[in-house]
Amino acid sequence: MHTESDLRVFLRWCTNHDLDPLATVRVDIERYVRWLQDVRRYQPSTVSRRLSVVVGFYRVCVIDAILEHSPADYVRRPTVPAESPTLGLGHLQFEALITTARKSSNANDFALIALLGLLGLRIFEACGSNIADLGEEHGHRRTPTAPGEQANRAGSPARSAGSASASAAV
């Protein structure tokens, strides 16, 4: 999902620093990482993800014999905590969000917030679904997940299931 834009940022950074991406050395990649950290002020997880894209780019260059070796091979990644520092919305924050969505003139707003917040769907799961994807199992609505994964079998509250069905009719 982020891969194309992450690679584009790196290539633009190379252009802005008069570097040929296929002629960079490890120090250049380390300068890019430092730029992400110090200038762009990205969190370690974002820097690590963006660096992974660069590492993958150079790995493909080596596999395809475009480069003899990858300049990103030994670049140190920032330490990323095992637990995400993002806690998500608190109870009162979610209540305010779903109340605002309910008051929206677009019924899809409430349906989307209900699917995300009450069922714990990821945004790509909610946006990639349609009403035909919803199923029922043992009296509970179930929703699809990423291709190849098992369906989300979290019990769907009647309001979210109803709002999803109502939203599909709009």
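Residues Phe110 and Ile98 form a side-chain contact, since some pair of their non-hydrogen atoms from C-beta on lies under 4.5 Å apart. The side-chain heavy atoms of Arg40 and Trp35, taken from C-beta on, include a pair separated by under 4.5 Å. Between Leu36 and Thr46 there is no side-chain heavy-atom pair separated by less than 4.5 Å. Taking the side chain as every heavy atom from C-beta outward, Arg77 and Ser52 approach each other to under 4.5 Å. Side-chain contact between Val75 and Val55 is absent, with no heavy atoms from C-beta onward closer than 4.5 Å.
Across all their heavy atoms, Cys14 and Pro21 have their closest contact at CB-CG, 4.1 Å. Counting all heavy atoms, side chain and backbone alike, Thr79 lies closest to Pro44 at O-CB, 3.4 Å. When all heavy atoms are compared, the tightest approach of Asn106 to Asn108 is OD1-N, 2.9 Å.
Annotation: salt bridge (Lys or Arg N to Asp or Glu O under 4.0 Å) contacts of Arg26 (sequence neighbours excluded): Glu30. Partners of Asp6 according to the side-chain hydrogen bond (donor to acceptor under 3.5 Å, both in side chains) rule, which considers only residues two or more places apart in sequence or in another chain, are Arg49, Arg50. Listed by chain and number, the residues in a salt bridge (Lys or Arg N to Asp or Glu O under 4.0 Å) with Arg34 are Asp38 (sequence neighbours excluded). Every residue meeting the side-chain contact (heavy atoms from CB on, under 4.5 Å) condition with Leu112, not counting sequence neighbours, appears here in chain and number order: Leu116, Ile123, Ala126. Considering only residues two or more places apart in sequence or on other chains, Val25 meets the side-chain contact (heavy atoms from CB on, under 4.5 Å) condition with Val27, Asp28. Under the rule for a side-chain contact (heavy atoms from CB on, under 4.5 Å), the partners of Leu22 that lie at least two apart in sequence or sit in another chain are Asp20, Phe57, Cys61, Ile66, Leu67. Residues that satisfy the side-chain hydrogen bond (donor to acceptor under 3.5 Å, both in side chains) test with Ser45, not counting sequence neighbours, are absent from this structure.
Both Val39 and Val54 belong to a single network of hydrophobic side chains, linked directly or stepwise wherever heavy atoms of I, L, V, M, F, W or Y lie under 4.5 Å apart. Hydrophobic clustering of Ile, Leu, Val, Met, Phe, Trp and Tyr side chains at less than 4.5 Å, counting indirect connections, unites Leu11 with Val9.
Members clustered with Val80: none, using a 4.5 Å side-chain heavy-atom cutoff among hydrophobic residues.
Contacts classified as side chain to side chain donor-acceptor pair (under 3.5 Å) and involving residues 8-19 (residues at least two apart or in different chains) are given here: Glu4-Arg8, Trp13-His17. Among residue pairs with one or both ends in residues 54-73, those qualifying as side chain to side chain donor-acceptor pair (under 3.5 Å) are Thr24-Tyr58; sequence neighbours excluded.
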